Amino acid sequence: MGEARYARHRPLLDDATWRRLTTTRFVIAGCGGLGCHVLSSLARLGPLTLELWDPAKLDELDLNRQILYTPDDLGHPKVYAAAARLRTINPDLEIAAHQRAIDADAFRATRRGSPVDRGSGDGEAGEPATVILDCLDSFAARAGLEAIRNEHRVTVFHGGVEGWYGQVTTIGAHGLGYEGVFGPDFGAIPAATKPILPQPVAAVAALQVGEVVHWCETGDRTPLSNAMLLYDGRTMRVDRVEFS
Amino acid sequence: MSVPGPRGVDGAGRFAEAPAGADGRASQTARLEVRAFGPLSEVVPPALTLEVRVPTSTAAVRRRLEECVPDLVGAVFRLALNAQFLADGERIETGGELAVLPPFAGG
């Protein structure tokens with residue numbers, strides 16, 4: 001594909017930002033609601049390198065918000081259905097798919113020769129790095145991301161949604177982790193059981209990708225590196241709360 | 001809904017100096033306007049205001065909140081005052097908007 005497909009946004013990004021965007025490995029933890037929206041948006045940003053993790057097969061209940069899938073994908077592993085769809089959106093993507101839950105052991109096993117060893121926090125602009133987009137559906141699973149982040153010093157772009165609501169923050173390679181943001185018992189926070197509307201998912205995922213672009217520009221000094229955005233679809237309010 | 005503290009605030013809801021305590025120093029009360037997010041907004045009454053003696057702590061405010069809204073007992077949430085997250089042991093010296101923030105776990 002030609003560069004024209006990126007021409008509407010490429011002028012907004014300087015060369016160093018573009019280089020970082022197109023050389024970073026984006027690990028998508030979870031290919032459900034948030035993951036689909038995040039992937040759909042990232043796939044349109046450039047010829048990116050995407051690494052998909054999700055153990056699940058597509059269920060009919062997923063179709064209200066998981067925009068990469070169609071009824072033809074029911075019963076199929078999400079990561080492979082998503083990868084196939086993404087390749088139709090942008091054939092220049094580099095995609096790896098892992099049909100399993102992401103945790104420290106599994107992640108480490110896939111890192112041989114990967115730029116993750118260089119972390120993501122303080123790298124020079126353009127240096128290959130790895131970052132994680134947290135699109136998981138439970139804090140128990142996020143405990144695995146905390147371990148990965150602590151071991152490899154990678155930045156994590158967190159999103160969480162439930163019902164009409166959602167939250168977004170960026171957990172830098174250094175500084176506050178999940179424990180600092182959500183409390184020492186964050187891994188025991190109950191999983192979401194309430195229904196979920198499609199639009200909070202889309203809104204939160206868009207904000208996560210927005211943070212990715214900022215990270216490509218500024219490193220770990222993103223607008224949400226020390227703050228959380230709270231999205232309230234009931235009142236259409238977005239609030240920002242700072243960490244001390 | 002306003003829940004009086006051990007010392008009152010004045011009629012306009014401003015901080016009011018309370019009588020001097022046993023140590024001879026004046027203590028004050030502060031007004032915390034509670035705003036709950038997400039599903040917790042369905043259990044916390046709208047316009048709930050707490051009056052607390054300051055200085056106080058995050059833990060004391062949380063206890064006070066749970067006394068006023070028993071449905072919060074056992075709920076997972078963090079508190080923020082004037083758009084700043086409060087750490088568990090943090091000292092609170094002023095009033096303002098007290099946000100009750102549950103985490104959203106889904107993806």
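Protein chains get the first letters and strands the later ones, always in sequence-line order, with residue 1 at the start of each. As the structure is a computational prediction, the values presented were derived from the model and not from experiment.
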Subject >> Pairs involving residues 29-71 of chain B, ordered by first then second residue, that meet ring-ring contact (aromatic ring centres under 6.0 Å, His included) (sequence neighbours left out) >> reply: none

**OP:** Anything in residues 233-244 of chain A with a heavy-atom distance to chain B below 4.5 Å? Please list those residues in order.
**Re:** Arg237(A), Asp239(A), Arg240(A), Val241(A), Glu242(A), Phe243(A), Ser244(A)

Subject >> Option in Gly160(A), Pro200(A), Ala205(A) with maximal non-hydrogen atom pairs under 4.5 Å from chain B >> reply: Gly160(A)

Subject >> Engaged part of Arg65(A) at the chain B interface, taking heavy atoms whose separation is under 4.5 Å >> reply: neither

Original post:
Of all of Thr193(A), Asp134(A), Asp232(A), Leu230(A), which one pairs up most often with chain B through heavy atoms under 4.5 Å apart?
Top reply: Leu230(A)

Subject >> Contact leader toward chain A among Pro103(B), Ala80(B), Ser41(B), where contacts are heavy-atom pairs under 4.5 Å >> reply: Pro103(B)

Original post:
For chain B, which residues of residues 175-182 of chain A have at least one non-hydrogen atom nearer than 4.5 Å to it?
Top reply: Gly180(A), Val181(A), Phe182(A)

**OP:** Can you tell which part of Leu136(A) gets under 4.5 Å to a heavy atom of chain B, answering side chain, backbone, both or neither?
**Re:** backbone

Original post:
Do other residues, nucleotides or ligands put more than 12 heavy atoms under 6.0 Å from the CZ atom of Arg35(B)?
Top reply: yes

Subject >> Distance-minimising heavy-atom pair for Glu42(B) and Tyr165(A) >> reply: OE2-OH, 4.5 Å

Original post:
Tell me, side chain or backbone of Pro102(B) under 4.5 Å from chain A's heavy atoms, or both, or neither?
Top reply: backbone

Subject >> Residue Leu101(B) versus chain A: region with a heavy atom under 4.5 Å >> reply: side chain

**OP:** With a 4.5 Å heavy-atom cut-off (strictly below), which parts of residues 68-80 of chain A touch chain B? List them by number.
**Re:** none

Original post:
Minimum heavy-atom separation for Ala105(B) to Pro190(A), with atom names?
Top reply: CB-O, 3.5 Å

**OP:** Count the heavy-atom pairs under 4.5 Å between each of Ser138(A), Gly30(A), Cys135(A), Gly166(A) and chain B, then report the option with the highest count.
**Re:** Gly166(A)

Subject >> Nearest heavy-atom neighbours spanning Phe104(B) and Gln167(A) >> reply: O-NE2, 2.8 Å

**OP:** Please indicate whether Asp88(B) has more than 12 foreign heavy atoms, meaning atoms of other residues, nucleotides or ligands, lying under 6.0 Å from its CG.
**Re:** no

